[in-house]
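Below: the structure, in structure tokens.
From a predicted model like this one, the values you see are computed outputs, not experimental measurements.
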Amino acid sequence: MTDDPPSSHLFRAARGSTANASVEMPWRDAEQAVLIAVNRIHGDDVAMALDYRADAADPRVVASDFWTDPQRCSWRIATPAFSQLVEILRLV
């Protein structure tokens, strides 16, 4: 998506190494994030990612948001740290 300008703009995904400025929220830096959940149904456009920009040891969890502006995705912080998500979901 980052190499296709219309997709990059729609999904707010960019590569930090090639961007003219720092890639900040509500954008997702594709080089600093790993998708951990995506939708099953094509077109739902729901995703969660680990965002390593803030902390490489305990990345924040971000989620896609098409509800605020259906014309364009925004990435929102779901939890400030992955360890917090694990705790909320009682995975340990």
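A distance-only check finds a donor-acceptor pair linking the side chain of R72 to the backbone of H9 [under 3.5 Å]. Of the possible donor and acceptor atoms, one in the side chain of S64 sits under 3.5 Å from a partner among the backbone N and O of D45. A donor-acceptor pair under 3.5 Å is formed between the side chain of N39 and the backbone N or O of I41. Side chain of T79 to main chain of Q84: no donor-acceptor pair is present (N/O by atom type, distance under 3.5 Å, no hydrogens or angles). Using a distance-only test at 3.5 Å, with no hydrogens or angles considered, no donor-acceptor pair links the side chain of D29 to the main chain of V23. Of the possible polar contacts, one joining the R12 side chain to the C73 backbone as a donor-acceptor pair under 3.5 Å is found.
The one candidate from R28, E31, R15 that meets the side-chain hydrogen bond (donor to acceptor under 3.5 Å, both in side chains) condition with T2 is R15.
For R60, the salt bridge (charged side-chain N to carboxylate O under 4.0 Å, His left out) partners are D51, not counting sequence neighbours.
Side-chain atoms of M25 and I77, non-hydrogen and from C-beta on, do get closer than 4.5 Å to each other. A heavy-atom distance below 4.5 Å is found between the side chains of F11 and F66.
Between the side chains of D65 and S74, not a single donor N or O lies within less than 3.5 Å of an accepting N or O.
V92 shares a hydrophobic cluster with V34, I36, M48, L50, Y52, V61, F82, L85, V86, L89, L91; the chain of contacts runs through ILVMFWY side chains whose heavy atoms sit under 4.5 Å apart.
Residue A56 comes nearest to P59 through the heavy atom pair O-CD, 4.3 Å, listed as atom of the first residue, atom of the second, then distance.
The CE atom of M1 sits 9.0 Å away from atom OG of S8, with the distance rounded to the nearest 0.5 Å.
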